[in-house]
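First the structure, in the form of structure tokens, and then the observations on it.
It should be emphasised that the depicted structure is a prediction, and the values quoted were computed from it without experimental measurement. Start at 1 and go down the list; that is how both ligands and their atoms are numbered.
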Amino acid sequence: MDQTSSMIDPFGRAITYLRVSVTDRCDFRCVYCMAEDMTFLPKKDLLSLEELERLCAVFIEKGVRKLRLTGGEPLVRKNIMHLIRQLSRHLDTGALEEVTLTTNGSQLERFAAELADCGVRRVNISLDTLDPEKFRAITRWGIFDRVMRGINAAQEAGLHIKLNTVALKGFNDAEIPHMLRWAHDRGMDMTVIETMPMGEIDADRTDQYLPLSELRAQLERQFTLTDIPYKTGGPARYVEVAETGGRLGFITPLTHNFCESCNRVRVTCTGTLYMCLGQDDAADLRAPMRASEGNELLSRAIDEAIGRKPKGHDFVIDRSTKRPAVSRHMSVTGG
Ligand code: SAM
Ligand code: SF4
């Protein structure tokens, strides 16, 4: 763990990783993430690109070494490449180790080359199926071929890709072995994610929930999985797949807490800082940022918030009420 951060939480964890949700909007409506008729934030509540840049710069000064842009869909934010270009200057100075993004891939055909030119070396692409019709069903609005062209463009630009696949019972569990072979054949890593109970959606989450322990047991009938200590600074635990030679990650917030090594915080496109993905406590950074031209107030607000970072979370999908454990949608904090 990088201990050079000046942001150390009450449990001794250095905060070196910031996820920034640059928009809550999206060109897809994945069924586990959003309701079809989502109400988005009024544009006036959003931080401008300049404010997002200023916020990131303060976090970098305070010790953040890795920055991940997410959303909503980060690449649908207007002029997003301007922000990425500005942030890449911190890569040039060596203050930042990495700028990455999590994307649904829909805009990558257009942006992949420019992202690579800005020093982005890897992207996470969310993909839950390789079947175009199922893709349409799960994303509601997504166009499968466009995402495939995006993946091709990203690989041509030299970006390393990790596929993120949400494991959904009865939807893609039978297909995951095929997806794994496909991803590894193409030199991509893959991570499977348990569904998390965040935000009201139209579907019943207890029907979708597939514990990854079950998925792993299922995969082990076809593949030889060996636990490896590989770490990307994220919460995934990795295995090596002997048959493909590739890596597979498991993100299991429900069956296995990963909080003890948590080095991250999240900020939304309105400047709200969440210290934990699984809890509602938050700090407003927009007001202190807008209150003065200097960054002292902002910096103090960040320190106070880090001082309240909780030890961990305890997600449950509540079978009696079927209500989400956390009321905000994943598209607010971006995972
Ligand atoms: N739009 C981008 C994308 O889909 O990659 C970035 C934002 S999206 C909210 C980030 C990740 O969260 C995606 O991989 C998505 O599959 C995942 N996600 C969304 N809702 C989720 C939920 N309820 N449980 C688990 N993962 C979820
Ligand atoms: Fe959009 Fe990503 Fe949520 Fe799907 S998971 S609706 S692509 S924000």
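In this structure, CZ on Arg25 lies 10.0 Å from CE on Met34, to the nearest 0.5 angstrom. In this structure, the separation between CZ on Arg77 and CG on Asp24 is 10.0 Å, given to the nearest 0.5 Å.
Remark: side-chain polar atoms of Arg286 are paired, donor with acceptor, to backbone N or O of Asp45 under 3.5 angstrom. Of the possible donor and acceptor atoms, none in the side chain of Arg266 sits under 3.5 Å from a partner among the backbone N and O of Arg19.
No cation-pi contact links Arg68 to Tyr17, judged by a cut-off of 6.0 Å to the six-membered ring centre and 45° from its axis. Stacking of Lys169 on the aromatic ring of Tyr209 is not recorded, the 6.0 Å distance cut-off and the 45° axial limit not both being met.
Protein heavy atom nearest atom 1 (Fe) of ligand 2, with residue, atom name and distance: Cys26 SG, 2.3 Å.
Not one N or O of Asn124 is nearer than 3.5 Å to an N or O of ligand 1, by distance alone. At least one N or O atom of Tyr32 sits closer than 3.5 Å to an N or O atom of ligand 1. Ligand 1 has an N or O atom lying under 3.5 Å from an N or O atom of Gly72, backbone or side chain. Remark: ligand 1 and Thr70 share no N or O pair separated by less than 3.5 Å (distance only, no angle test). Inclusion of Thr103 in the set of residues having an N or O under 3.5 Å from an N or O of ligand 1 is warranted.
Of the candidates Gly72, Ser126, Cys30, it is Cys30 that places a heavy atom closest to atom 4 (Fe) of ligand 2.
Taking a cut-off of under 4.0 Å to the non-hydrogen atoms of Gly71, the atoms of ligand 1 that pass are 7 (C), 9 (C). Atoms of ligand 2 lying under 4.0 Å from any heavy atom of Phe28, numbered from 1 in the order shown and given with element: 6 (S), 7 (S). Near Val166, meaning under 4.0 Å from one of its heavy atoms, ligand 1 places the atoms 16 (O), 26 (N). Atoms of ligand 1 lying under 4.0 Å from at least one heavy atom of Cys33, given by number and element, are 19 (C), 20 (N).
Between Tyr274 and Val265 there is no side-chain heavy-atom pair separated by less than 4.5 Å.
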- request: List the steps, then state whether side-chain contact (heavy atoms from CB on, under 4.5 Å) holds for Phe144 with Glu133.
  value: CA-CA 8 Å; Phe144 180 76; Glu133 273 170 34; over 6 Å; no
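Residue Cys33 touches ligand 2 through its side chain alone, judged by heavy-atom distances below 4.0 Å.
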